[in-house]
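In what follows, a single structure is set out as structure tokens and then discussed.
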There are 2 protein chains.
Amino acid sequence: MNIEKRKRLEAAGWVSGDAADFLGMSPEEARLLKIKLNLAREIESQRKKKGISQTVLAAQNDMKQPNFARLKKNPERVTMDVLFKILLSLGNSPKRIAALF
Amino acid sequence: MNIEKRKRLEAAGWVSGDAADFLGMSPEEARLLKIKLNLAREIESQRKKKGISQTVLAAQNDMKQPNFARLKKNPERVTMDVLFKILLSLGNSPKRIAALF
DNA sequence: TTATAATATATCATTTTTGATATAGACCGT
DNA sequence: ACGGTCTATATCAAAAATGATATATTATAA
């Protein structure tokens, strides 16, 4: 999302995660955000299922734990690229990932 | 792709688009790149089919033509996010996009 | 051929994402 | 309560993506 737009929304009491996230977004952007949320949730779900820590999964993807944690809280500020890469590293096929759309 | 890595490769005679693109990339990164290539090709294909110019399609996505042209030549330097958004704007459903993986 | 539109390439500024670090809080087991 | 691990949050630096502009090349129609 555009940073200026976000700042305006935040000044108006907007909080990341609200339904108001979608204010000012194009339908395409809103759709993309929903998908990102799905992917991020799936990553956490699979990680827990496997019983590995954020630290370990992050390391497997050349990331540090705090940066990994970020995609859980703020998936809208993460590119699909990293979500995709992490899901692949968890063993998901592109088809399986596509099913999350 | 990492910019330093690319610089090293280019210094060694590497050219964007080569099979050598994959040198030094993780399997996940290579897979992601292939998918991006598919998406970029599909965008151009659909654009031509519709008979609209790069300038117009770019404008519909709040882009300028030269930046649009970039994703055709260097999809590895474009996030999935923009490829995705453009495909949505062309009327593709997420499922349809997923089928390109 | 010339004019016009379309596409490609190059470059630099700007914005955004990502990396890195420090640190706080939560949640155990002992 | 203490020590350890895991997770969350904040912040700043670094890297990368994107925006914007100028201009070159190519294609096409008159």
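Order of the sequence lines sets the chain letters (A, B, ...), proteins ahead of strands, with each chain counted from 1.
Rounded to whole Å, the distance from CD on B:Q65 to P on D:dT25 is 15 Å. Taking atom CZ of residue B:F68 and atom P of nucleotide C:dA5, one finds them 20 Å apart after rounding to whole Å. The CZ atom of B:R47 sits 10 Å away from the P atom of C:dA6 (whole-angstrom rounding). As rounded to whole Å, 14 Å separates atom P of D:dT18 from atom CG of B:D62. The distance between atom NZ of A:K64 and atom C1' of D:dT9, rounded to the nearest whole Å, is 17 Å. As a whole-Å value, the separation of A:I43 CD1 from D:dT7 P is 14 Å. Rounded to an integer number of Å, the gap from A:K48 NZ to C:dC27 C1' is 13 Å. B:D81 has its CG atom 8 Å from the P atom of C:dT18, to the nearest Å.
Ring to ring, B:F84 and A:F84 are not that close: their centroids are 6.0 angstrom or more apart.
Distances were taken from every side-chain heavy atom of B:N67 (C-beta onward) to each of D:dA20, D:dT7, C:dT17; the shortest belongs to D:dA20. Closest approach to the B:Q54 side chain among C:dG19, C:dA8, D:dT7 is made by C:dA8 (side chain taken as heavy atoms from C-beta onward). The side chain of B:P66 has C:dA10 as its nearest neighbour among C:dA10, D:dA8, C:dT18. For A:R70, counting side-chain heavy atoms from C-beta on, the closest listed nucleotide (D:dA8, D:dT11, C:dT9) is D:dT11. Of the candidate nucleotides D:dG19, C:dT7, C:dA8, C:dT7 has the atom nearest to the side chain of B:S53. Among C:dT17, D:dT18, C:dT7, the nucleotide with an atom closest to any side-chain atom of B:T55 is C:dT7. Taking the side chain of A:R77 as heavy atoms from C-beta on, and the options D:dT9, D:dG19, C:dT17, the nearest nucleotide is C:dT17.
The residues B:K85 and A:E29 are annotated as salt-bridged, a charged nitrogen and a carboxylate oxygen being separated by less than 4.0 angstrom. Electrostatic pairing of B:E44 and B:R47 counts as a salt bridge here, judged by a charged N lying under 4.0 Å from a carboxylate O.
In this structure, B:K72 reaches the C:dA8 phosphate: one of its side-chain N or O atoms is under 4.0 Å from OP1 or OP2.
When atom types are taken as modelled, the side chain of A:N38 and the backbone of A:F101 share no donor-acceptor pair closer than 3.5 angstrom.
With no hydrogens or angles considered, no side-chain donor-acceptor pair links A:N92 and A:E42 at under 3.5 Å.
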